[in-house]
Enquirer: 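Questions regarding the structure given below will be posed in turn.
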Amino acid sequence: MPRYFFDIVICGNAVVDAEGVVLDNDEAARMAVAGVLHDVALATLPDGKPQTFVATVRSYERGALFRTTMRMETERVGAAALIA
């Protein structure tokens with residue numbers, strides 16, 4: 001089974017995955033990347049500023065395969081917006 005690497009960029013700060021994870025195929029890697037970004041976002045909850053998380057999935061043999069981007073932004077709405 002192939003090994004996939006999930007390189008992450010959090011607000012411009014890059015972390016290269018040197019270990020990777022063995023998965024069945026590209027589709028399994030595509031599904032797994034959403035969980036990776038979810039976990040990263042939870043670990044770095046935004047302090048009200050917009051944050052962008054980017055994961056590039058690559059394999060050793062074929063290089064970069066695809067990129068997934070997630071943006072988190074919290075804004076006050078309704079009555080809560082009047083308090084700020």
Side-chain angles (χ1 to χ4, degrees):
M1 284 195 279
R3 181 172 296 272
Y4 294 89
F5 301 86
F6 298 87
D7 300 332
I8 308 291
V9 177
I10 305 168
C11 297
N13 299 310
V15 177
V16 176
D17 180 1
E19 186 175 320
V21 63
V22 174
L23 297 167
D24 289 336
N25 54 38
D26 288 2
E27 183 60 19
R30 190 184 69 77
M31 298 299 288
V33 74
V36 169
L37 286 180
H38 172 266
D39 293 348
V40 168
L42 284 178
T44 60
L45 288 172
D47 58 2
K49 297 181 209 168
Q51 291 194 31
T52 301
F53 305 90
V54 180
T56 301
V57 178
R58 62 183 169 83
S59 75
Y60 182 76
E61 297 82 13
R62 299 180 289 152
L65 302 174
F66 50 88
R67 181 174 296 125
T68 300
T69 303
M70 180 175 73
R71 180 174 167 82
M72 289 186 67
E73 183 174 0
T74 302
E75 62 181 305
R76 296 179 184 271
V77 296
L82 300 175
I83 298 170

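What you see is a predicted model, and the numbers here were worked out from it, not measured in a lab.
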Enquirer: List the residues meeting side chain to side chain contact (heavy atoms under 4.5 Å, CB included) with V15, not counting sequence neighbours, and say none if there are none.
Expert: none
Enquirer: Between Q51 and I10, is a side chain to side chain contact (heavy atoms under 4.5 Å, CB included) present by the stated rule, with each step listed?
Expert: CA-CA 7 Å; Q51 291 194 31; I10 305 168; 4.3 Å; yes
Enquirer: Using side-chain contact (heavy atoms from CB on, under 4.5 Å) as the criterion, point out the one residue from T52, V16, V54, V40 that pairs with V9.
Expert: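 When T52, V16, V54, V40 are each tested with V9, the side-chain contact (heavy atoms from CB on, under 4.5 Å) holds only for V54.
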Enquirer: Can you list everything that forms a side chain to side chain contact (heavy atoms under 4.5 Å, CB included) with V57? Sequence neighbours excluded, please.
Expert: Y4, F6, A29, V33, F66
Enquirer: So which heavy atom on A64 is nearest to which on T56, and how close?
Expert: CB-CG2, 3.9 Å
Enquirer: Test of understanding: with salt bridge (Lys or Arg N to Asp or Glu O under 4.0 Å), list the residues that count as partners of R67, not counting sequence neighbours.
Expert: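 So R67 forms no salt bridge (Lys or Arg N to Asp or Glu O under 4.0 Å) with any residue.
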Enquirer: Is there a side-chain contact between S59 and L65 (heavy atoms, below 4.5 Å)?
Expert: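 A side-chain contact exists here, since the closest heavy-atom pair is under 4.5 Å.
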Enquirer: Compare every heavy atom of Y60 with every heavy atom of F5, then report the nearest pair and how far apart it is.
Expert: CE1-N, 4.0 Å
Enquirer: Taking only residues at least two apart or on different chains, which pairs with a member in residues 12-26 satisfy salt bridge (Lys or Arg N to Asp or Glu O under 4.0 Å)?
Expert: D26-R62
Enquirer: For residues 3-12, pull every pair meeting salt bridge (Lys or Arg N to Asp or Glu O under 4.0 Å), keeping only residues two or more places apart or in separate chains.
Expert: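 Pairs touching residues 3-12 that pass the test: D7-R58.
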Enquirer: Please list all pairs passing the salt bridge (Lys or Arg N to Asp or Glu O under 4.0 Å) test where one or both residues lie in residues 29-41, with sequence neighbours left out.
Expert: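 Those involving residues 29-41 are E27-R30.
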Enquirer: Return the CD1 to OG1 distance between I8 and T68, rounded to the nearest 0.5 Å.
Expert: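 Rounded to the nearest 0.5 Å, the CD1-OG1 separation comes to 9.0 Å.
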Enquirer: Between P50 and R71, is any pair of side-chain heavy atoms under 4.5 Å apart?
Expert: yes
